[in-house]
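What you see is a predicted model, and the numbers here were worked out from it, not measured in a lab.
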Amino acid sequence: MNVLVAMPDGALREDFFPPSTKARLESIADVTWNESGEEWSQAELRDRIRGFDVCVTGWGCPQLDAAIVERADDLELLAHTGGSVATIASEAVYDAGIAVVSANDVMAEYVAEHVLGAILTHVRRLDELDAAMHRGRTDPDSYAVGSLHGSTIGLVGLGTIGRFLLEHLRSFDVAVRVYDPYIDDDALEDFPFVTRADLETALSSDIVSLHAARTPETIGMLDAEELARIPDGALFVNTARAELVVEDALLDELRSGRFSAILDVFHEEPLPDDHELRDLENAFLTPHVGGSQIRPPLTESVIDDIERYRDGEPLEHEIPRSAWTLMTR
């Protein structure tokens with residue numbers, strides 16, 4: 001089995017392929033690495049892909065378009081170490097019958113964990129209490145410590161992250177409302193505390209968490225009119241993509257102090273030092289680390305499927321065409 005790793009040599013690849021992970025892949029296949037230190041262009045990948053059974057990609061790798069697929073005479077598996085393959089796979093990949101796998105499911109678990117941790121930090125006021133203790137204040141009655149129990153939670157979009165989040169929420173006495181026009185009627189049957197809802201109802205919750213993919217249809221879906229539906233005192237969480245929300249509308253709401261926000265994604269990343277969000281006390285900010293910083297397990301899940309491909313076993317992290325079309329672009 002011949003494997004081409006298109007990710008260039010450098011610190012990022014070392015994060016995804018520490019020595020033990022690199023050795024594992026080399027123990028199961030003949031591996032050719034991109035040692036150039038630079039991302040290949042589509043033309044460069046096209047010139048190199050002939051004769052390989054598997055192509056391993058990462059963030060920044062070029063899309064396998066029709067010209068590349070035509071040259072990839074032996075390619076049977078596209079294995080992506082990131083989550084979304086929207087800009088890596090193509091119609092030509094699926095038309096050629098090339099299987100596509102990614103670490104989307106594994107990354108989603110970590111993002112869901114991040115969401116739950118951030119929400120609990122907010123409702124329990126853990127960040128404020130920690131800061132107060134460091135300043136020498138010890139009066140707990142000065143802080144409105146709350147609880148997740150008894151809350152209504154609106155999920156705008158479900159997706160893989162939302163499904164993992166629902167699993168985490170089983171242990172809390174919450175009522176979850178899910179707005180997602182793309183899920184099947186039976187998608188929520190295993191979650192008795194969850195109901196399908198329209199967008200207005202989902203937004204009218206104590207906590208609103210955004211999990212829709214970034215597609216042409218969802219960009220700007222939450223504008224001033226929709227954000228106005230979020231109740232006073234609520235919490236808005238965005239670990240999906242910043243472009244789903246009209247930035248000026250969100251800033252207007254946060255300036256007013258009407259609700260708080262947990263944000264892991266931004267219209268400009270890294271967030272500029274002088275961005276207004278940094279000065280808003282009701283904005284809890286993290287630098288787009290929800291799932292992407294825990295990297296070796298992402299690669300390990302992809303190698304698991306490369307082994308399954310080698311052994312003729314069903315793939316566990318396959319991305320079918322129907323899912324690819326709905327992924328963040």
S.K.: Parallel, tilted or perpendicular: which describes the rings of Tyr94 and Trp324, with under 30° parallel and over 60° perpendicular?
M.R.: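 Geometry flag for Trp324 against Tyr94: tilted rings.
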
S.K.: Do Leu77 and Phe16 sit in one hydrophobic cluster, given that two such residues count as connected whenever their side-chain heavy atoms are within less than 4.5 Å of each other, even indirectly?
M.R.: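 Yes: a chain of side-chain contacts under 4.5 Å links Leu77 to Phe16.
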
S.K.: On the six-membered ring of Trp33, is Arg48 placed so that its NZ or CZ lies under 6.0 angstrom from the centre and within 45° of the ring axis?
M.R.: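 So Arg48 doesn't make the cation-pi contact.
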
S.K.: For Glu91, does the CD atom sit with more than 12 other heavy atoms under 6.0 Å from it, leaving out its own atoms?
M.R.: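 Atom CD in Glu91 is packed in, count exceeds 12.
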
S.K.: I'd like to know if Arg241 pairs up with Glu269 as an ion pair, taking the criterion as any Lys NZ or Arg NE/NH1/NH2 lying under 4.0 Å from an Asp or Glu carboxylate oxygen.
M.R.: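 So Arg241 does not pair with Glu269 through a salt bridge.
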
S.K.: Looking at Arg24 and Glu307, is any side-chain nitrogen of the basic one under 4.0 Å from a carboxylate oxygen of the acidic one?
M.R.: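 Yes, this pair counts.
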
S.K.: Is there a donor-acceptor pair closer than 3.5 Å between any side-chain N or O of Arg50 and the backbone N or O of Asp47?
M.R.: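 The answer is no, because no donor-acceptor pair under 3.5 Å joins these two groups.
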
S.K.: List the residues meeting side chain to side chain donor-acceptor pair (under 3.5 Å) with Asp223, not counting sequence neighbours, and say none if there are none.
M.R.: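 With neighbours one apart ignored, the set is empty.
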
S.K.: Looking at Arg177 and Thr201, would you say the former's side chain and the latter's main chain have a donor-acceptor pair under 3.5 Å?
M.R.: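 The answer is yes, because a donor-acceptor pair under 3.5 Å joins these two groups.
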
S.K.: Has His317 got a side-chain atom pairing as donor or acceptor with Ala103's backbone, closer than 3.5 angstrom?
M.R.: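 Pair absent, no side-chain N/O of His317 close to backbone of Ala103.
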
S.K.: Would you please name every residue forming a salt bridge (Lys or Arg N to Asp or Glu O under 4.0 Å) with Arg229, sequence neighbours left out?
M.R.: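 Arg229 satisfies salt bridge (Lys or Arg N to Asp or Glu O under 4.0 Å) with Glu200, Glu225, Glu226 once adjacent residues are dropped.
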
S.K.: What I want to find out is whether Arg196 reaches Asp185 closely enough, with some N-O distance under 4.0 Å, to be called a salt bridge.
M.R.: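 Here Arg196 pairs with Asp185 in a salt bridge, since their nearest N and O are under 4.0 Å apart.
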
S.K.: Yes or no on salt bridge (charged side-chain N to carboxylate O under 4.0 Å, His left out) for Arg321 and Asp95, after CA distance, side-chain angles and deciding distance?
M.R.: CA-CA 9 Å; Arg321 190 196 298 248; Asp95 288 345; 2.9 Å; yes

